[in-house]
Amino acid sequence: MDNVLVLRYSEIHLKGKNRAFFENLLKKNILEKLEGLECRAEFTYGRYVICDYAPEIERVIAERLKKVFGLFSLSRAKRVISSADEIFEASKEVAPKSGSFRVTVNRADKTLPYTSVWLAREIGGRLLGYNHTLEVDLHNPDSIIYIDVRDRQTAYVYSGYEYCAGGMPVGSAGRGLTLLSGGIDSPVSTYMMAKRGLKLVALHFWSYPYTSIEARDKVVDLARILSDYTGKMQVLVVPFTKIQEAIHKFAESNYMITLVRRAMMRITEKVADKYHCQCIINGEDLGQVASQTMESITVTNSVIERLPVFRPLIGFDKIDIIELSKKIGTYDVSIKPFEDCCTVFLPDSPVTKPTIRRAEFNESKIEGYDELIDEAVNNLEVFIVPER
Ligand code: ATP
Ligand code: MG
């Protein structure tokens with residue numbers, strides 16, 4: 001009798017002809033996630049199974065797999081030969097100590113010498129004889145014992161399952177460039193788009209020495225946490241100091257944030273081209289701060305020439321974003337008090353209703369603006385997470 005983990009995938013069955021593409025990607029992502037752990041993955045039609053691991057790492061494997069997008073659930077199961085005796089031995093192990101139960105049998109191989117109904121009754125009856133504190137309840141049992149008979153050699157026996165992250169396999173929807181600040185929102189927007197199958201590259205604007213080494217490291221830390229879900233991820237750090245100083249020097253102070261964000265978006269689209277990303281993601285949330293009013297978003301967005309900008313948090317309440325950031329594990333790092341470049345040279349009263357004309361007028365006053373944008377793009381620093 002082997003201990004194994006049985007995995008089930010989520011929406012892939014909806015994908016018709018592309019199913020093989022999704023499945024192969026999911027397999028690749030599972031194998032990448034299991035790197036460095038001694039175990040084996042078996043991928044047979046409709047059943048993914050992890051086996052040949054030491055009992056003490058079962059939890060580690062399960063926790064890693066629960067963060068693979070595209071997996072729906074997993075079960076800790078016993079794998080046995082498909083005889084009633086063997087299946088009963090396994091059922092004893094997974095059965096509750098007391099209370100009510102039901103046995104549910106799935107029999108994939110219809111040439112087996114017994115029917116599902118017979119096997120369910122047989123195992124249920126034997127369990128009642130084995131433990132007198134158990135009782136059968138077909139309609140509302142405390143626990144269900146699942147017997148999944150694949151063929152004459154293989155049956156899986158388990159009770160219950162744990163939910164995994166759901167969503168689509170990372171990489172199945174293309175590549176995106178995600179704007180990662182050190183705040184609470186952008187790690188959540190990154191998570192959400194990875195969940196829909198985007199392979200992500202992260203981009204951070206860094207205004208050293210106005211923002212510290214720690215502020216940059218914090219973003220790399222956040223990316224490392226996110227990489228549990230996104231898989232290996234490049235983190236690009238753009239030197240943003242010179243352009244910010246130039247904006248501060250030449251532009252009206254109440255347009256500072258607007259111009260900073262437009263410069264960010266210009267750089268972002270160029271970097272997206274360079275890194276073959278097909279979309280941009282940010283953590284904007286309508287009305288949250290001055291830079292996220294309808295007018296501000298319009299003026300910022302207008303510098304983007306080709307790519308779609310996804311804002312998965314646009315309709316969220318802050319409280320819901322915080323809850324999600326706690327769930328995915330980024331919250332505690334996000335609230336560390338390091339400054340973000342958006343708060344450098346912050347004016348007392350930023351415009352809440354900027355116009356494109358006024359923004360362009362201000363930009364025309366900045367000496368060497370285009371060169372500064374190109375310089376930032378050409379001098380970015382690349383980190384890769386996780387480092388293993
Ligand atoms: P967050 O919590 O993600 O920082 P926020 O509510 O503080 O968001 P802003 O600071 O206005 O909002 O930023 C809006 C979005 O712009 C962020 O969610 C992020 O995607 C992007 N952004 C802001 N600052 C940076 C930065 N320094 N580097 C990369 N992206 C940034
Ligand atoms: Mg921020």
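Within the 4.5 Å cutoff, side-chain heavy atoms of Ile123 are placed close to those of Leu127. Side-chain contact between Arg79 and Cys51: present, with at least one pair of heavy atoms (C-beta onward) separated by less than 4.5 Å. You'll find the side chain of Met256 reaches within 4.5 Å of the side chain of Gln244, heavy atoms only. Residues Val299 and Pro354 have side chains in contact (heavy-atom distance under 4.5 Å, counting atoms from C-beta outward). Side-chain contact check for Ile373 versus Lys270: some heavy-atom pair is nearer than 4.5 Å. Between Asp370 and Arg266 there is no side-chain heavy-atom pair separated by less than 4.5 Å. In this structure, the side chains of Glu295 and Thr355 stay at 4.5 Å or more apart for every pair of heavy atoms. You'll find the side chain of Leu26 reaches within 4.5 Å of the side chain of Val68, heavy atoms only.
Closest non-hydrogen pair, Ile50 versus Ala41, comes out as CD1-CB, 3.8 Å. Shortest non-hydrogen contact noted between Ala173 and Leu198 is O-CD2, 3.6 Å. In terms of heavy atoms, Arg261 sits closest to Thr300 at O-CG2, 3.7 Å. Closest approach of Pro386 and Ser227 over heavy atoms only: CD-OG, 3.4 Å. Nearest approach of Ala202 to Leu177, heavy atoms of both residues: C-CD1, 4.4 Å. Of all the heavy atoms in Ser91 and Ile147, the pair that sits closest is OG-CD1, 4.2 Å.
Formation of a donor-acceptor pair under 3.5 Å by the Ser334 side chain with backbone atoms of Gly183 is found in this model. One N or O on the side chain of Asn282 and one on the backbone of Glu284 form a donor-acceptor pair closer than 3.5 Å. For Glu269 (side chain) and Leu307 (main-chain N/O), a donor-acceptor pair under 3.5 Å exists by modelled atom type. With hydrogens and angles disregarded, a donor-acceptor distance shorter than 3.5 Å links the side chain of Thr293 to the backbone of Thr352. Using a distance-only test at 3.5 Å, with no hydrogens or angles considered, no donor-acceptor pair links the side chain of Ser143 to the main chain of Phe101. Listed for the Ser159 side chain is a donor-acceptor partner under 3.5 Å among the backbone atoms of Ile144. Using a distance-only test at 3.5 Å, with no hydrogens or angles considered, no donor-acceptor pair links the side chain of Asp317 to the main chain of Asp320.
Between Glu89 and Lys92 there is a salt bridge, with a side-chain nitrogen of the basic residue lying less than 4.0 Å from a carboxylate oxygen of the acidic one. Taking the charged nitrogens against the carboxylate oxygens, Arg224 and Asp221 do have a contact shorter than 4.0 Å, which makes a salt bridge. Between Lys318 and Asp185 there is a salt bridge, since at least one side-chain N of the basic residue sits less than 4.0 Å from a carboxylate O of the acidic one. Using a cutoff of 4.0 Å between basic side-chain nitrogens and carboxylate oxygens, Glu63 and Lys67 are not scored as salt-bridged. Lys66 has no carboxylate O lying under 4.0 Å from a charged side-chain N of Asp228, or vice versa, which leaves the two without a salt bridge.
One hydrophobic cluster, built from ILVMFWY side chains closer than 4.5 Å, holds both Leu180 and Ile213. Taken together through direct or relayed side-chain contacts under 4.5 Å among Ile, Leu, Val, Met, Phe, Trp and Tyr, Ile247 and Tyr255 form part of one hydrophobic cluster. Placement of Val382 and Leu179 within a single hydrophobic cluster is found when ILVMFWY residues are connected by side-chain heavy-atom separations under 4.5 Å, directly or transitively. Hydrophobic cluster membership differs between Tyr331 and Leu222, with clusters built from Ile, Leu, Val, Met, Phe, Trp and Tyr side chains linked at under 4.5 angstrom. Linking Ile, Leu, Val, Met, Phe, Trp and Tyr residues whenever their side-chain heavy atoms come within less than 4.5 Å leaves Leu313 and Ile225 in two separate clusters.
By the 6.0 Å contact criterion, NZ on Lys274 is enclosed, its count of non-hydrogen atoms from other residues, nucleotides or ligands being greater than 12. For Arg357, the CZ atom counts as loosely surrounded, since its 6.0 Å shell holds 12 or fewer non-hydrogen atoms of other residues, nucleotides or ligands. The environment of Arg175 atom CZ is dense: over 12 non-hydrogen atoms of other residues, nucleotides or ligands sit within 6.0 angstrom. The local environment of NZ in Lys249 is sparse, with at most 12 non-hydrogen atoms from other residues, nucleotides or ligands closer than 6.0 Å. Other residues, nucleotides and ligands place more than 12 heavy atoms under 6.0 Å from the CE atom of Met1. Within a 6.0 Å sphere centred on NZ of Lys97, other residues, nucleotides and ligands contribute 12 heavy atoms or fewer. Other residues, nucleotides and ligands contribute more than 12 heavy atoms inside 6.0 Å of the CZ atom of Arg152. The neighbour count for Tyr161 OH, taken as heavy atoms of other residues, nucleotides or ligands under 6.0 Å away, does not exceed 12.
Side-chain atoms of Ser75 and Arg8 include a donor-acceptor pair closer than 3.5 Å. Using modelled atom types and a 3.5 Å distance limit, the side chains of Ser181 and Ser186 yield a donor-acceptor pair. Donor-acceptor pairing under 3.5 Å is lacking for the side chains of Gln153 and Asp151.
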**Message:** Is there a side chain to side chain donor-acceptor pair (under 3.5 Å) between Asn254 and Glu252? Walk through the geometry before answering.
**Reply:** CA-CA 6 Å; Asn254 62 341; Glu252 295 169 297; 5.8 Å; no
**Item:** Check against side-chain contact (heavy atoms from CB on, under 4.5 Å), Val6 and Val4
**Value:** CA-CA 6 Å; Val6 175; Val4 301; 4.2 Å; yes
**Request:** Walk me through it: do Met192 and Phe310 pass the test side-chain contact (heavy atoms from CB on, under 4.5 Å)?
**Result:** CA-CA 11 Å; Met192 287 177 71; Phe310 295 142; over 6 Å; no
**Request:** Kindly determine whether Glu214 and Lys336 satisfy salt bridge (charged side-chain N to carboxylate O under 4.0 Å, His left out), including the steps that lead there.
**Result:** CA-CA 10 Å; Glu214 287 85 350; Lys336 285 187 182 168; over 6 Å; no
**Request:** Could you please spell out the steps behind the side-chain contact (heavy atoms from CB on, under 4.5 Å) verdict for Tyr114 and Ser82?
**Result:** CA-CA 10 Å; Tyr114 49 71; Ser82 308; 3.7 Å; yes
**Request:** Verify side-chain contact (heavy atoms from CB on, under 4.5 Å) between Val271 and Leu236, making sure each step is shown before the conclusion.
**Result:** CA-CA 9 Å; Val271 174; Leu236 314 176; 3.5 Å; yes
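Partners of Glu93 under the salt bridge (Lys or Arg N to Asp or Glu O under 4.0 Å) rule, at least two apart in sequence or in another chain, are Lys78. Taking the side-chain contact (heavy atoms from CB on, under 4.5 Å) definition, one finds that Glu323 meets it with nothing, sequence neighbours left out. Checked against side-chain contact (heavy atoms from CB on, under 4.5 Å), Phe21 has the following partners two or more places apart in sequence or in another chain: Leu25, Ser172. Take Tyr146 and apply the ring pair (Phe, Tyr, Trp, His ring centres under 6.0 Å) test, not counting sequence neighbours, and it matches Tyr158. With sequence neighbours left out, Glu245 forms a side-chain contact (heavy atoms from CB on, under 4.5 Å) with Tyr210, Thr241, Phe345. Applying the side-chain contact (heavy atoms from CB on, under 4.5 Å) test to Ala376 and every residue at least two apart in sequence or in another chain returns Val238, Ile267.
In this structure, Tyr191 has its ring center under 6.0 Å from that of Phe69.
Screening Asp285, Ile280, Leu286, Asn301 for a side chain to side chain contact (heavy atoms under 4.5 Å, CB included) involving Arg311 leaves a single residue, Asn301.
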